[in-house]
2 protein chains.
Amino acid sequence: MASQTEENYLKSLFNLANEAGEVNISELAQQMQVSMPTVNSMVKTLQKNGWLIYEKYKPVILTQEGKKEAALVIRKHRLTEMFLVNKMGFGWEEVHEIAEQIEHIHAPKFFERMDEMMGHPTVDPHGSPIPDKLGRIQEVNYLTLSQCKTGQLVVLAALTNSSTEFLEFLNSRELNLGKELKIQSKESYDQSMVVSFKDHASETLSEKVCDRLLVRVIG
Amino acid sequence: MASQTEENYLKSLFNLANEAGEVNISELAQQMQVSMPTVNSMVKTLQKNGWLIYEKYKPVILTQEGKKEAALVIRKHRLTEMFLVNKMGFGWEEVHEIAEQIEHIHAPKFFERMDEMMGHPTVDPHGSPIPDKLGRIQEVNYLTLSQCKTGQLVVLAALTNSSTEFLEFLNSRELNLGKELKIQSKESYDQSMVVSFKDHASETLSEKVCDRLLVRVIG
DNA sequence: GTATATTGTTAGAACTATCTAACAAAATTG
DNA sequence: CAATTTTGTTAGATAGTTCTAACAATATAC
């Protein structure tokens, strides 16, 4: 069974993996906020446990078991976030830190019960998919708002970043998941966009913000 | 801040403390399921942190800060047990192991929210008192069923032991907290007692069981 | 295509929580 | 009260997770 530390490395590896499924030691060190020698010794441990493939001076690659282990931790994290928001009344900006701890609890019944109580949600409060019990993730490919064209009607579906500051920014503009936005215009100079809401006035959103908003086009 | 291990030692110390507040190294070693040298080195660490007083060859004594730290962990444990039973539908025999892990979560808001959602409960599902936010425990002195006399009417209020096996035994006899029992007779040979329920037939309870049932006399 | 910068590795140390073996103090018992 | 048992301590080792310093390999740049 993976230790808490190992679970955290697996999660980071899973999130950092590129198309080839490769992760560099330095990337991982930065993500985990530890030194490279620490990562070096930890990847050797993770390899012994069969969770990844490591060869000197090569990027590491998660094995199928490693991916599954990681996805199951992510499942616990996202179920917890959803439970905190839907059943305990927390805001989407408050749940990450708590879920970061609860994801390491070893109690299948606890997470299954959460799942049942919520009617088997497929996404977390930030729109990220919740892996199933076998660690399978249903990938959905949204567009970033930046990629959309003037005149399109879109629904805010997920985020590419869920930092507290960004979530608080979205709260201040009442930008919730499910919100419908119409793209009024795009400024070619700085890529900022003007969007209007169904009910009230329009907003100008910077490129940085538009890159972080994932949407479904509905018209 | 106490590590998970330190929190577990503090909890055990709190539970083992006698009237004088003293705990022997060997007792603690047995309770924690570790060797005496391990306890010896840990009590030195706990002393450095100001949670107990230790002198060579003397029993250890928790300080006020140590007691508070312990009580706050116990608070998190008991709030969690109550939440699992009242809000998540678990049986009282299923919650100990899960709470044993969740008690180490550092997220005041999480436990405060549980507390609010349940309307500030004063006892856990096994009748044990929940310490308040300052670590104060409201002690209630119940009698064991063994101490009661024939003819008395009592309410089952708490347990002196909450092992899964005992809780499952109580489930099988529908002996829940709040149940009213009338003491029909006590067998002087083996101290077993015959009790009757308000609604249905009577039961014979062994001395072992009677010692573990805490009651309030109501008539 | 060598020089430099970046990335990765090894060696050795520290800290936490644990152990066993050996020894010492305190408590119990005849 | 001396002998024995129980309890507690010290020393030294191990495993996990981290570090810094020094060095080595790979990648980048002129």
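To find a chain, count down the sequence lines: A is the first, B the second, and so on, and within it residues start at 1.
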**Residue-level proximity of residues 6-20 of chain B to DNA chain D when a heavy atom falls under 4.0 Å** = none
**Request:** Considering non-hydrogen atoms only, spot the tightest contact between B:Ser146 and B:Lys186 and give its length.
**Result:** O-NZ, 2.6 Å
**Request:** Look at all strands and tell whether B:Thr38 reaches a base, only sugar-phosphate, or nothing, counting heavy atoms closer than 4.0 Å.
**Result:** base
**Prompt:** Distance-only, no hydrogens or angles: does the A:Asn49 side chain make a donor-acceptor pair with backbone N or O of A:Trp51 under 3.5 Å?
**Reply:** no
**Request:** State whether the side chain of A:Asp132 and the backbone N or O of A:Gly135 hold a donor-acceptor pair below 3.5 Å, judged by distance alone.
**Result:** yes
**Message:** Holding to ring-ring contact (aromatic ring centres under 6.0 Å, His included), I want the full list of residues that pass it with A:His104, two or more places apart in sequence or in another chain.
**Reply:** none
**Request:** Please report, rounded to the nearest Å, how far the P atom of C:dA17 is from the CG atom of B:Leu28.
**Result:** 14 Å
**Prompt:** When the distance from CD of B:Gln4 to P of C:dT18 is rounded to whole Å, what number comes out?
**Reply:** 11 Å
**Asked** Just to confirm, is there a sub-4.0 Å distance from OP1 or OP2 of C:dA17 to any side-chain nitrogen or oxygen of B:Ser3?
**Response** yes
**Message:** Do the side chains of A:Glu103 and A:Lys11 get close enough for a salt bridge, i.e. N-O under 4.0 angstrom?
**Reply:** yes
**Request:** Could you go through the side chain to side chain contact (heavy atoms under 4.5 Å, CB included) check for A:Val123 and A:Ser128 one step at a time?
**Result:** CA-CA 5 Å; A:Val123 294; A:Ser128 303; over 6 Å; no
**Between P of D:dT18 and CE of A:Met32, the distance in whole Å** = 6 Å
**Request:** Heavy atoms under 4.0 Å is the rule here; annotate nucleotides 3-10 of chain D 5' to 3' with B where the base is hit, S where only the sugar-phosphate is, and - elsewhere.
**Result:** -----BBB
**Asked** For the pair made of CD in A:Gln47 and P in D:dG16, what is the distance, rounded to whole Å?
**Response** 16 Å
**Asked** Do you know which of B:Val23, B:Thr38, B:Leu28 makes side chain to side chain contact (heavy atoms under 4.5 Å, CB included) with B:Val43?
**Response** B:Leu28
**Request:** Could you check whether A:Ser35 gets within reach of a base, just the sugar-phosphate, or nothing at all, counting any heavy atom under 4.0 Å?
**Result:** base
**Request:** Report the relative orientation of the aromatic rings in B:Phe83 and A:Phe83; use parallel for angles under 30°, tilted for 30 to 60°, perpendicular for over 60°.
**Result:** perpendicular
